[in-house]
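What follows is one structure encoded as structure tokens, with my remarks underneath.
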Protein chains: 2
Amino acid sequence: MKEKVFVVDDEEDILNLVSLHLKRAGYQVKEFKEAGSFLQEIEKERPALVVLDLMLPDMDGIEVCRLLKSDSKYGDIYVLMLTALSSETDVVLGLELGADDYVTKPFSPRELVARVKAVLRRGKGESEAHTVEIKGILKLDFEGYRVWVKGKEIELTATEFRILKILIEKKGRVLSREKILDYLWGNEKYVIERTVDVHIRHLREKLGEAGCFIKNVRGVGYRFEA
Amino acid sequence: MKEKVFVVDDEEDILNLVSLHLKRAGYQVKEFKEAGSFLQEIEKERPALVVLDLMLPDMDGIEVCRLLKSDSKYGDIYVLMLTALSSETDVVLGLELGADDYVTKPFSPRELVARVKAVLRRGKGESEAHTVEIKGILKLDFEGYRVWVKGKEIELTATEFRILKILIEKKGRVLSREKILDYLWGNEKYVIERTVDVHIRHLREKLGEAGCFIKNVRGVGYRFEA
DNA sequence: CACTCCTGTCAATAATTTTTATCAAAAAAT
DNA sequence: ATTTTTTGATAAAAATTATTGACAGGAGTG
């Protein structure tokens, strides 16, 4: 199940539109017509992200955003602002407030969902993760030692991860088994070359759809090719 | 007006690129082609952050970073390193030196600006709020060395607190036991790596429900993940 | 001094990972 | 077509690693 997202907007049409598309994208959505009820609700239930209209009847969206971002209790809830006009001042203001992204009306639902996704993804890595994404289906976080295939996290062992990493870093080039072992263990220990094959097999298996990126070059070694 | 940022890089193209985008983002930028003139300048005028190339003609970026971070006069200037290759040693070195973040070339200007922002925001947040709240169930007060889980205060020893702190500060990244010990004791004393495990155990125990935030990455180290 | 609490070490165990061995299948060479 | 070489798959052994409980020395406290 995906994250909880709250939507706050006084225009019913927009509220429904946004809500519908986020639900369709798999998020758990709750709707709010004004800031008051929203602020009450987050005391009890915390969303991962809030889609917040800049203009609200009872309270400015800016105020709400400032409130959220200044309270350490809510500081890690992401805020995506909806602005009526693309006037730059609004935008900058929104971002200076600490909003994590913004979308200007009118917007396409597709764009909105894409941005929600992007912000939440960024959040998972705390925006500091150094990640690489390949062909949109394989993603690595080199610092967190994490790997995703089509958005789903898979578990690699340390050795598997390191082999995948070196292959990707040297992508396009063939690495001999010897080189790979050398990268893994230096001259700390002696390991027979067939071992690499087994790791590669495990890797391919776990990578599933992305497994075919690891190509074998007969008689030479392995190569990563997207 | 936004903060002052200095950029030090010997490659003119990169220097211009970085400078341009930072200016466009509203920062007050000054450019330096070598470490010498930069070091002279910070005597007179102090930036909030320095974008520093790892490779400089007259002096290694590493040296400059070490210099800044070891001098209490400059210790609170943030450093963002530019590294040519994502080769791990460079990266690790950079971070161990005390650099606040790094970007590997080639980088997108957008990413660079985002990281500058992130580092500066982090800095601001720290000076204002000495407290962090995670997922609404774990709260730390860095100045008071106090911790709450679901609103209830728990007692941590100094060492436990410091480990938790570094894990949270580097959240999303795996920290090796060596790094953790290094952070705790520097090279003042030699401690066996298994010791970290014991502290982690105590931490998890005391953290109760929040204990599962500390994940182990077999063969590598520990990671904080909310 | 006696006491408590913190920190570090050790050892046992449980769990996982890495390596090796073996055999089947595929590709290349003869 | 047959043989040789190389890789892929599987299972099992060997090695490594994390977790846990127990304990000892030492710093700090009353």
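Side chains included, hydrogens not; waters and symmetry mates left out as well; all remaining heavy atoms used. Below, chains carry the letters A, B, ... as their sequence lines are ordered, and counting in each starts from 1.
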Problem set entry | Qualifying ring-ring contact (aromatic ring centres under 6.0 Å, His included) pairs, either residue in residues 204-226 of chain B, two or more places apart | B:F213-B:F224
Exercise. At under 4.0 Å between heavy atoms, what does B:I200 touch on the DNA or RNA strands: base, sugar-phosphate, or nothing?
Worked result: nothing
Problem set entry | Side-chain (A:R204) to main-chain (A:I214) donor-acceptor, under 3.5 angstrom | yes
For this session: Please state how far atom CD1 in A:I214 lies from atom C1' in D:dG8, giving the value in whole angstrom units.
Result: 14 Å
Exercise. Under the 3.5 angstrom rule, does the side chain of B:R146 hit a backbone N or O of B:D141 as a donor-acceptor pair?
Worked result: no
For this session: Round to a whole Å and report the spacing from NZ of B:K215 to P of D:dT19.
Result: 12 Å
For this session: Under 4.0 Å from any heavy atom of chain A: name the first and the last nucleotide of DNA chain C that qualifies, 5' to 3'.
Result: C:dT17 to C:dA28
For this session: Please name the residue in the list B:D197, B:T195, B:D182 that meets the side-chain hydrogen bond (donor to acceptor under 3.5 Å, both in side chains) test with B:R177.
Result: B:D197
For this session: Assess the side chains of A:E155 and A:Y145: does a donor N or O sit below 3.5 Å from an acceptor N or O?
Result: no
Seminar exercise, completed: 5' to 3', nucleotides 9-18 of chain D under a 4.0 Å protein heavy-atom cut-off (B base, S sugar-phosphate only, - none) gives BB-----BBS
For this session: Give me the ring orientation class for A:F32 and A:F6: parallel if the planes are under 30° apart, tilted from 30 to 60°, perpendicular past 60°.
Result: tilted
For this session: Name the nucleic acid region contacted by B:T195, choosing base, sugar-phosphate or nothing; use a 4.0 angstrom heavy-atom cut-off, strictly under.
Result: base
For this session: Mark yes or no for whether B:R223, through its side chain, and A:G144, through its backbone, hold a donor-acceptor pair below 3.5 Å.
Result: yes
For this session: Check whether any side-chain N or O of A:Q28 sits under 3.5 Å from a backbone N or O of A:K2 as a donor-acceptor pair, and report yes or no.
Result: yes
